There are 2 protein chains.
Amino acid sequence: MSKLEDAIAKMKSSNVRITTQRVAVLEYLLNCEFHPSADEIYKAMNTRFPSISRATIYNNLNILCENGLARELTFGNAPSRFDGNTKDHYHIICNNCGKIADLQYPLLKEIEVFVEQIAEFKVSHHRLDIYGKCVTCYD
Amino acid sequence: MSKLEDAIAKMKSSNVRITTQRVAVLEYLLNCEFHPSADEIYKAMNTRFPSISRATIYNNLNILCENGLARELTFGNAPSRFDGNTKDHYHIICNNCGKIADLQYPLLKEIEVFVEQIAEFKVSHHRLDIYGKCVTCYD
DNA sequence: CTAAATGCAAAAAGTTTGCAAACGT
DNA sequence: ACGTTTGCAAACTTTTTGCATTTAG
C-alpha cells in the first residue's frame, strides 16, 4: 500500500471527502523533497488546475493538518511550511537561506516527563528547531 | 545596578539611542510578568504616551531584539510575543489558553554537537517549546 | 548640527471568510 | 438530494515602509 493510498484510507475513515484538489495537494506533499509554503503548493497545483484558488489550498492544508495527514511548520512572520512527513522529527533551519532539513534524533521524552513533574501541565508534544548556517551558506 | 540600568548601559555601548519611548518599552518588558504581544505593549504604552504609534513599538522591539535586549517568540500566525528575559530558557505553551510559561532546563548542548557532526551545519542556537494543557485548562 | 527616532497613514504579506456554483457521497 | 468543497473577491491581522517633523548626542 503506497503512502498515498494509505493516506486516502485515513481520510475516508475520518470522513474527509476525497476531492481531486485535496488529493493533489496531499500527493504533492507526500512526494515533495522539501518543505513547501502554501504559495509554492499553490503554484505547483496551478499547472495542473489552472483555476485552483489559494483559498482551496489553505482550506485543504488546514483539513489535512487537522486530520494528522500533514504538519504545519511555522516560522515567525515568514510563511508557514508544510510537511507531508507526519512521523515525529525535528528540523534544522539555515539562518541565511532558510533551507529546512529534517533531523532524526531520539525524541526528548525526558523533557516532557520533567515538565509534567515540575509544572502542573499535561504535555501533548514538543517542538525543537536547530538554527545555524548550512554548508552552502558559510564562508 | 538594576536590570534597567544594566540594559541602558548595554544600549549606550551599542550606540542605541536612549529615547523616552524606547526606554519605556524596555522597562515594560523587563518588569512584565507575562509574555506580551506588540499590541499589548502598545496598549500599555498608550496610557503613558497617548500619541505613541504602533510603528514606534515595532521599531523599538526590533531594535531591542537586534541588540540582545529582548527576544521575540514567534507562534505561527498568532502575533509574536516578546520576552525581556534574554537568558537562555525554553517555553511551555498551553494549547487551550495560549499561556506561555518559562521553563528552566539544562541547555541541550548535546543535540547541537550531534547536528554539527552528522550534518555539515554550523549551529547558532536552538529553540524548544513544550505544548500541552495548563492546570486551569484541563478538566 | 546631523543622523536617528517618532507618529501618521498607507502598504504589504499571509491567511481567512462569505457566498454562489459545482461536486462527492 | 444533501451537505461539503470550490473559486472568487473581499476582509482581516500583523508587521513594515515612506515621509515630514521632532529629538538625542
Side-chain angles (χ1 to χ4, degrees), chain A residues 7-28 35-67 69-82 98, chain B residues 7-28 35-67 69-82 98:
Chain A
I8 289 176
K10 228 171 157 184
M11 288 170 76
K12 280 180 181 159
S13 69
S14 312
N15 293 316
V16 171
R17 286 202 182 168
I18 315 299
T19 69
T20 319
Q21 294 88 334
R22 184 166 297 160
V23 172
V25 168
L26 176 59
E27 187 172 15
Y28 179 75
H35 298 79
S37 66
D39 196 60
E40 285 169 327
I41 298 167
Y42 168 70
K43 290 198 170 74
M45 293 301 102
N46 216 19
T47 64
R48 275 180 58 196
F49 306 93
S51 70
I52 201 169
S53 158
R54 278 189 171 78
T56 299
I57 303 294
Y58 279 106
N59 174 35
N60 283 326
L61 288 170
N62 288 337
I63 286 171
L64 292 176
C65 289
E66 281 161 19
N67 288 279
L69 294 155
R71 291 272 176 84
E72 179 176 5
L73 310 174
T74 62
F75 294 103
N77 312 319
S80 287
R81 310 266 151 185
F82 295 87
Chain B
I8 289 175
K10 227 172 158 185
M11 288 169 77
K12 280 180 180 160
S13 70
S14 310
N15 293 316
V16 172
R17 285 198 183 173
I18 315 298
T19 70
T20 318
Q21 294 89 334
R22 184 166 297 161
V23 172
V25 170
L26 177 58
E27 187 172 15
Y28 179 77
H35 298 76
S37 66
D39 196 59
E40 286 168 326
I41 298 168
Y42 168 72
K43 289 195 170 77
M45 293 300 103
N46 216 19
T47 65
R48 275 178 58 196
F49 306 94
S51 71
I52 202 169
S53 158
R54 278 188 170 78
T56 299
I57 303 293
Y58 278 106
N59 173 35
N60 283 326
L61 287 171
N62 288 337
I63 285 171
L64 292 175
C65 289
E66 282 162 18
N67 288 278
L69 294 155
R71 291 272 175 84
E72 180 176 4
L73 309 175
T74 62
F75 293 102
N77 311 319
S80 288
R81 309 265 151 188
F82 294 87

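Labels below follow one simple rule: chain letters A, B, ... track the order of the sequence lines, proteins then strands, and each chain is numbered from 1. The structure presented is a predicted model; accordingly, all values stated were derived computationally and were not measured.
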Legend entry - Residue pairs involving residues 10-21 of chain B (criterion salt bridge (Lys or Arg N to Asp or Glu O under 4.0 Å); sequence neighbours excluded): none
Inset, instruction - For residues B:G76 and A:T74, report the shortest heavy-atom separation together with the two atoms involved. - result: CA-CB, 3.2 Å
Legend entry - Euclidean distance, atom CD of residue B:E66 to atom C1' of D:dT15 [Å, nearest integer]: 14 Å
Inset, instruction - Figure out the CD1/C1' separation between B:I8 and D:dG25, and round it to whole Å. - result: 15 Å
Inset, instruction - Answer whether the closest heavy-atom distance between the side chains of A:I8 and A:V23 falls below 4.5 Å. - result: yes
Can you tabulate the close N/O pairs, meaning under 3.5 Å, that link protein atoms to atoms of nucleotides 6-11 of chain C?
residue: C:dT6; atom: OP1; partner: B:T19; partner atom: OG1; Å: 2.7
residue: C:dT6; atom: OP1; partner: B:N60; partner atom: ND2; Å: 3.4
residue: C:dT6; atom: OP2; partner: B:N59; partner atom: ND2; Å: 3.2
residue: C:dT6; atom: OP2; partner: B:N60; partner atom: OD1; Å: 3.3
residue: C:dT6; atom: OP2; partner: B:N60; partner atom: ND2; Å: 3.4
residue: C:dT6; atom: O3'; partner: B:Q21; partner atom: NE2; Å: 3.0
residue: C:dG7; atom: OP1; partner: B:Q21; partner atom: NE2; Å: 3.2
residue: C:dG7; atom: OP2; partner: B:T56; partner atom: OG1; Å: 3.2
residue: C:dG7; atom: O5'; partner: B:S51; partner atom: O; Å: 3.4
residue: C:dC8; atom: OP2; partner: B:S51; partner atom: O; Å: 3.0

Under-3.5 Å N/O pairs linking protein and nucleotides 11-14 of chain D:
none

Legend entry - Nearest-nucleotide comparison on DNA chain C, the residue closer to the 5′ end among A:K12 and A:N62: A:N62
Under 3.5 Å, which donor-acceptor pairs do the side chains of residues 55-64 of chain B form with other protein atoms, sequence neighbours left out?
residue: B:N60; atom: OD1; partner: B:R22; partner atom: NE; Å: 2.7
residue: B:N60; atom: OD1; partner: B:R22; partner atom: NH2; Å: 3.1
residue: B:N60; atom: ND2; partner: B:T56; partner atom: O; Å: 3.2
residue: B:N62; atom: ND2; partner: B:Y58; partner atom: O; Å: 3.3

Inset, instruction - Provide the closest heavy-atom pair for B:Y28 versus B:P36 in the form atom of the first, atom of the second, distance. - result: CE2-CG, 3.9 Å
Legend entry - Nearest heavy atoms of B:L69 and B:L26, plus distance in Å: O-CD1, 4.1 Å
Inset, instruction - Return the value, rounded to whole Å, for the distance between atom CZ of A:F82 and atom P of C:dG14. - result: 12 Å
Legend entry - CD-CZ distance between A:Q21 and A:R48, expressed to the nearest 0.5 angstrom: 9.5 Å
Legend entry - Gap between atoms CD1 and P, on A:I63 and D:dG3 respectively (whole Å): 17 Å
Legend entry - Close side-chain approach of A:I18 and A:M11, heavy atoms under 4.5 Å: yes
Inset, instruction - State, yes or no, whether a side-chain contact exists between A:I52 and A:Y42 at a heavy-atom distance under 4.5 Å. - result: yes
Inset, instruction - Return the value, rounded to whole Å, for the distance between atom CD1 of B:I57 and atom P of D:dT16. - result: 13 Å
Legend entry - Minimum side-chain heavy-atom gap B:T20-B:F49 below 4.5 Å: yes
Legend entry - Pairs satisfying salt bridge (Lys or Arg N to Asp or Glu O under 4.0 Å), at least one member in residues 69-82 of chain A, at least two apart: A:E40-A:R81, A:R71-A:D88
Legend entry - Nucleotide C:dA4, atom P - distance to CG of B:N67 in whole Å: 14 Å
Legend entry - A:M11 CE to D:dT4 P, straight-line distance once rounded to whole Å: 15 Å
Inset, instruction - Starting from the first five and the last five pairs of the helix from C:dC1-D:dG25 to C:dT25-D:dA1, work out the angle between the resulting helix axes, to 10 degrees. - result: 50°
Legend entry - Length of the line joining A:Y42:OH and C:dT15:C1', which is rounded to integer Å: 14 Å
